[in-house]
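First listed ligand is number 1; within each ligand, the first listed atom is number 1.
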Amino acid sequence: MAFNIAIDGPAGAGKSTIAKKVAKELSYIYVDTGAMFRAMALYCIRNGVDREKEQEVSKACEEITVSISYENGEQQVLLNGENVNGFIRTEEVGNTASTISVYGKVRTKLLELQRKLAETQDVIMDGRDIGTCVLPNAQVKIYLTASVETRGKRRFLELQEKGQACSLEEICADIKDRDYRDMHREIAPLKQAEDAILVDSSNMTIDEVVAEILKLVKEKQQ
Ligand code: DC
């Protein structure tokens, strides 16, 4: 049976950085589900679909095919066959993804793809509802979080490094909005699964978090 690791948590907690490292250590496949929601958001932005209107977004779902492939071990997201990895890492796409991910049609569209990927191969999958909804039988579940201030500062430094102008205050406000939306939606809201282990990375280095997760995996596999 495939071994599944689920990592959920709010925006900016470091899920993808950590999941990628764990995947490399274990030679597992890393599945970034946020990127799939981002691809759908990109479609809406490009095609003038109003993200606030569920009906419009649901209709657009019928025109969208999301799939993934791997290049040198890196996940690539394909939107109707086009590799959109280079377009989905902006604040606008992230916020739109958060807005449209509350709609049932958007979630069901991606659920099957996510479950299929984990069925036959060892994966570490990150998102908001992996431990609670997508992979309820995952052998290891982590809820990774950090304070809003820590997450905001990390994001701020990341954007500065990329040469994108930004304000720390705005980023923290965005993070709070996104947390609220992701945690309070009706379908599959972000919350810690009952059997998930809470890891607060506010005062931990990336390597410390990775080591903690590897330890939990080893314990389960013994
Ligand atoms: O992890 P991320 O920032 O790339 O995710 C973008 C948005 O997509 C997030 O704010 C909410 C949504 N999302 C979701 O609803 N369920 C997931 N499993 C992953 C992401």
Side-chain angles (χ1 to χ4, degrees), residues 4-20 23 30-45 51-52 54 57-58 61 64 66 68 74-77 79 84-118 123-136 138 141-146 148 150-152 154-156 158-159 162 166 171-193 196 201:
N4 293 168
I5 306 171
I7 302 198
D8 292 300
K15 298 184 298 292
S16 64
T17 309
I18 281 149
K20 268 186 206 162
Y30 165 53
V31 183
D32 171 0
T33 62
M36 302 172 186
F37 287 93
R38 285 172 182 263
M40 296 188 76
L42 181 68
Y43 181 92
C44 293
I45 294 167
R51 67 183 191 186
E52 304 292 342
E54 178 165 6
V57 177
S58 302
C61 283
I64 304 175
V66 175
I68 66 167
E74 286 271 327
Q75 176 183 297
Q76 311 293 317
V77 185
L79 171 63
V84 291
N85 263 33
F87 306 104
I88 57 174
R89 297 284 153 211
T90 66
E91 292 299 285
E92 187 194 12
V93 173
N95 288 329
T96 305
S98 171
T99 306
I100 65 165
S101 68
V102 308
Y103 306 138
K105 265 263 169 100
V106 173
R107 304 209 69 82
T108 5
K109 185 152 188 102
L110 298 177
L111 187 61
E112 199 188 335
L113 168 65
Q114 293 163 355
R115 284 194 175 145
K116 267 235 149 71
L117 288 165
V123 298
I124 175 159
M125 187 179 285
D126 82 1
R128 302 292 187 287
D129 61 338
I130 311 306
T132 52
C133 169
V134 181
L135 306 176
K141 295 183 187 177
I142 312 288
Y143 189 83
L144 184 66
T145 189
V148 171
T150 307
R151 290 187 279 135
R154 285 180 189 159
R155 185 83 192 117
F156 178 74
E158 227 175 74
L159 289 173
K162 283 192 204 161
C166 54
I171 290 175
C172 286
D174 253 14
I175 283 182
K176 276 187 199 158
D177 273 359
R178 193 115 82 87
D179 282 359
Y180 187 87
R181 231 183 353 246
D182 293 349
M183 288 172 182
H184 291 86
R185 66 179 176 227
E186 217 166 286
I187 315 168
L190 167 64
K191 65 169 186 217
Q192 185 181 342
S201 73

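Ligand 1 places these atoms under 4.0 Å from at least one heavy atom of S101: 11 (C), 12 (C), 15 (O). In the vicinity of D129, heavy-atom distances shorter than 4.0 Å reach the ligand 1 atoms 16 (N), 17 (C), 18 (N). Every atom of ligand 1 is numbered from 1 in the order shown, and the set under 4.0 Å from a heavy atom of G127 is 17 (C), 18 (N), 19 (C). Residue-ligand proximity, T33 to ligand 1, at heavy-atom distances under 4.0 Å covers atoms 17 (C), 18 (N), 19 (C). When each atom of ligand 1 is checked for a heavy atom of D182 under 4.0 Å away, the hits are 9 (C), 10 (O), 11 (C).
A pairwise comparison of heavy atoms in V66 and I64 identifies CG2-CG2, 3.8 Å as the closest pair. Of all the heavy atoms in R181 and S98, the pair that sits closest is NE-OG, 2.9 Å.
Separating the CG atom in D182 from the CG atom in D8 is a distance of 11.0 Å, to the nearest 0.5 Å. Residue Q76 holds its CD atom at 11.0 Å from CG of D32, rounded to the nearest 0.5 Å. For the atom pair CZ of R178 and CG of L190, the computed distance is 11.0 Å after rounding to the nearest 0.5 Å.
The shortest N/O to N/O separation between D32 and ligand 1 does not fall below 3.5 Å.
With hydrogens left out, the protein atom closest to atom 7 (C) of ligand 1 is A97 CB, 3.7 Å, a heavy atom. If you check which protein heavy atom lies closest to atom 8 (O) of ligand 1, you get F37 CB, 3.5 Å. The nearest protein atom to atom 6 (C) of ligand 1, hydrogens excluded, is given as R178 NH1, 3.6 Å; this is a heavy-atom distance.
For the salt bridge (charged side-chain N to carboxylate O under 4.0 Å, His left out) with D129, the qualifying choice from R115, R107, K191 is R107, the only one to do so.
Here S98 has heavy atoms under 4.0 Å from ligand 1 in both its backbone and its side chain. Proximity of R38 to ligand 1, defined as any heavy-atom pair under 4.0 Å, is confined to the side chain (atoms from C-beta onward). Contacts of L190 with ligand 1, taken as heavy-atom pairs under 4.0 Å, are absent altogether.
Of the candidates M40, R185, R128, R128 brings a heavy atom nearest to atom 5 (O) of ligand 1. In this comparison of R107, Q114, E91, M36, the heavy atom closest to atom 16 (N) of ligand 1 sits on R107.
Note on D174 versus R155: no salt bridge recorded, every NZ/NE/NH1/NH2 to OD/OE distance being 4.0 Å or above. Salt-bridge annotation for D179 and R151: present, with a side-chain N of the basic residue lying under 4.0 Å from a carboxylate O of the acidic one.
For E52, the CD atom is densely surrounded, since the number of other residues' heavy atoms within 6.0 Å is greater than 12.
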